Amino acid sequence: MLSEEHQQMMLAYLSGLGKGARFRSLQDLAALPSRDLLLLARKVNDAALGLFVQLLKCAGEHESLFQKLMGDHEEENRPLVDAFFERYFKAVLSCGDEPRNFNPLEVYLPPHTFDDLAFVQSRQPFFLRQRIDIINEYLDEIFEAGHSFRLDEHEKAWTYFWERVVSR
C-alpha cells in the first residue's frame, strides 16, 4: 500500500505525463476511460511502473482502476493491454541479467516539474532523505555532469540542485 505522500507524488508525476490533465486524486484517474488510462500508462517510465500499478491497486473504492488497466476487457484495447503488461513484466517482474536500478528521485522529482517551483520546493524533505549516492546519480542524470557530494553534504547537494532549477 502506498502512503498518502507517495500517492500524491505519483499523481503529480502522472499529471506531468498527461495532456494538460491534472490528477489531484484517484477519482481523477478513475474518471479516465480505459483507453486513456492505458495511453497514460505507456508514458510511465519503466522505473515507475511498479509504483504506478501499486497506485492503481490501492485505489480502494475505485477498484475499477486496475480493471481499466486491463482494458475493461474491450477487444479494441487488447494491443495496449498486452503491450503494457509485457513491458511491466520485463521492467518489474523479470529477473534479468542486470538488476534494475531504481532512483526514486527520477519518479518523484521529474524534470518536467521543474517549472513549478512550489512543487519542487515541496520535495526538499524527500530529496534530503535519500542516500547521497542516489542524489549524485540523479544529479548526474539531470544535469549531465559528474557529481560527487559526500555523505555529509545533503544540504549542499539540495542547494546546488535548487540553484540549478531556479536558474533555468
Side-chain angles (χ1 to χ4, degrees), residues 1-32 35-59 65 69 80 83-84 87-88 90-92 96-168:
M1 177 104 177
L2 289 180
S3 69
E4 180 67 28
E5 178 185 13
H6 288 128
Q7 285 181 30
Q8 290 306 311
M9 288 179 187
M10 277 304 295
L11 290 168
Y13 170 73
L14 294 172
S15 293
L17 299 177
K19 298 176 193 169
R22 194 85 171 127
F23 303 113
R24 290 181 173 83
S25 69
L26 292 171
Q27 290 131 336
D28 294 338
L29 278 179
L32 292 176
R35 182 169 188 77
D36 290 350
L37 184 62
L38 285 160
L39 291 172
L40 179 64
R42 257 186 177 171
K43 298 175 184 177
V44 173
N45 184 295
D46 284 355
L49 283 176
L51 292 172
F52 177 67
V53 169
Q54 283 182 42
L55 178 71
L56 298 183
K57 284 184 173 181
C58 75
L65 272 176
L69 188 63
L80 290 171
F84 174 79
R87 193 171 136 235
Y88 178 74
K90 286 179 183 174
V92 178
D97 296 338
E98 290 181 26
R100 178 92 176 101
N101 291 332
F102 171 70
N103 189 322
L105 291 170
E106 291 174 5
V107 175
Y108 300 131
L109 200 49
H112 69 262
T113 64
F114 291 177
D115 291 336
D116 185 347
L117 295 179
F119 174 82
V120 173
Q121 182 65 39
S122 74
R123 298 305 183 239
Q124 181 182 12
F126 182 80
F127 182 99
L128 294 173
R129 285 194 307 265
Q130 304 309 305
R131 293 188 334 249
I132 200 68
D133 61 315
I134 296 291
I135 292 171
N136 283 328
E137 178 185 304
Y138 174 72
L139 295 174
D140 290 350
E141 183 70 28
I142 298 299
F143 300 122
E144 300 175 1
H147 297 87
S148 55
F149 290 101
R150 293 188 318 264
L151 286 174
D152 60 343
E153 295 184 322
H154 284 75
E155 287 286 343
K156 186 175 177 182
W158 171 259
T159 301
Y160 167 81
F161 169 74
W162 180 251
E163 288 172 357
R164 291 288 305 263
V165 168
V166 170
S167 69
R168 284 181 152 207

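As the structure is a prediction and not an experimental result, all values here were calculated from the model. Side-chain atoms are counted along with the backbone in the values below, which use heavy atoms only and exclude waters and symmetry mates.
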| message | Is the ring pair H112/Y13 parallel, tilted or perpendicular, if the boundaries are 30 and 60 degrees? | response | tilted
| query | Do you know which two heavy atoms are closest between P111 and I142, and how far apart they sit? | reply | CG-CD1, 3.3 Å
| query | What class does the angle between the rings of F52 and F84 fall in, given that below 30° is parallel, 30 to 60° is tilted and above 60° is perpendicular? | reply | perpendicular
| message | Return the NZ to CD1 distance between K156 and I135, rounded to the nearest 0.5 Å. | response | 13.5 Å
| Which heavy atom of S15 sits nearest a heavy atom of F23, and at what distance? | OG-N, 2.7 Å
| said: How about CZ on R129, more than 12 heavy atoms from neighbouring residues, nucleotides or ligands closer than 6.0 Å, or not? | reply: yes
| query | What is the distance from atom CG of D140 to atom CG of D133, rounded to the nearest 0.5 Å? | reply | 11.0 Å
| query | At their closest point, which heavy atom of L26 faces which heavy atom of L55, and how far apart are they? | reply | CD2-CD1, 3.6 Å
| Can you name the closest pair of heavy atoms from M10 and A48 and give their distance? | CE-O, 4.1 Å
| request: State, with a plain yes or no, whether a side-chain heavy atom of D28 is found less than 4.5 Å away from one of L11. | output: no
| said: Using the rule given for side-chain contact (heavy atoms from CB on, under 4.5 Å), can you reason through L56 versus L29, listing the C-alpha separation, both sets of side-chain angles and the distance that settles it, and then say yes or no? | reply: CA-CA 9 Å; L56 298 183; L29 278 179; 4.1 Å; yes
| request: Return the minimal non-hydrogen interatomic distance between L49 and A41, and the atom names on each side. | output: CD2-O, 4.4 Å
| Is the shortest side-chain N to carboxylate O distance from R87 to D46 below 4.0 Å? | yes
| query | After noting the C-alpha distance and the side-chain angles of Q54 and Q7, does the key distance pass the side-chain contact (heavy atoms from CB on, under 4.5 Å) rule? | reply | CA-CA 9 Å; Q54 283 182 42; Q7 285 181 30; over 6 Å; no
| request: Compute the centroid of each ring, for F114 and then for F161, and state whether the two points are separated by less than 6.0 Å. | output: yes
| message | Is it the case that the side chains of H147 and N136 hold a donor-acceptor pair, with the cut-off being a distance below 3.5 Å and no angle test? | response | no
| message | Using the ring-ring contact (aromatic ring centres under 6.0 Å, His included) criterion, which residues pair with H154? Sequence neighbours excluded. | response | none
| In Å and rounded to the nearest 0.5 Å, what is the CH2 to CZ distance from W158 to R123? | 10.0 Å
| F126 to Q130 - nearest heavy-atom pair and separation | O-NE2, 3.0 Å
| What is the distance from atom CZ of F127 to atom CG of L139, rounded to the nearest 0.5 Å? | 5.0 Å
| query | Regarding Q8 and E5, is there a side-chain donor-to-acceptor distance under 3.5 Å anywhere? | reply | no
| request: Would you sort out whether R42 and L80 count as a side-chain contact (heavy atoms from CB on, under 4.5 Å), showing the intermediate values? | output: CA-CA 8 Å; R42 257 186 177 171; L80 290 171; 3.6 Å; yes
| query | So, does Y138 use its side chain to make a donor-acceptor pair with the main chain of L109 at under 3.5 Å? | reply | yes
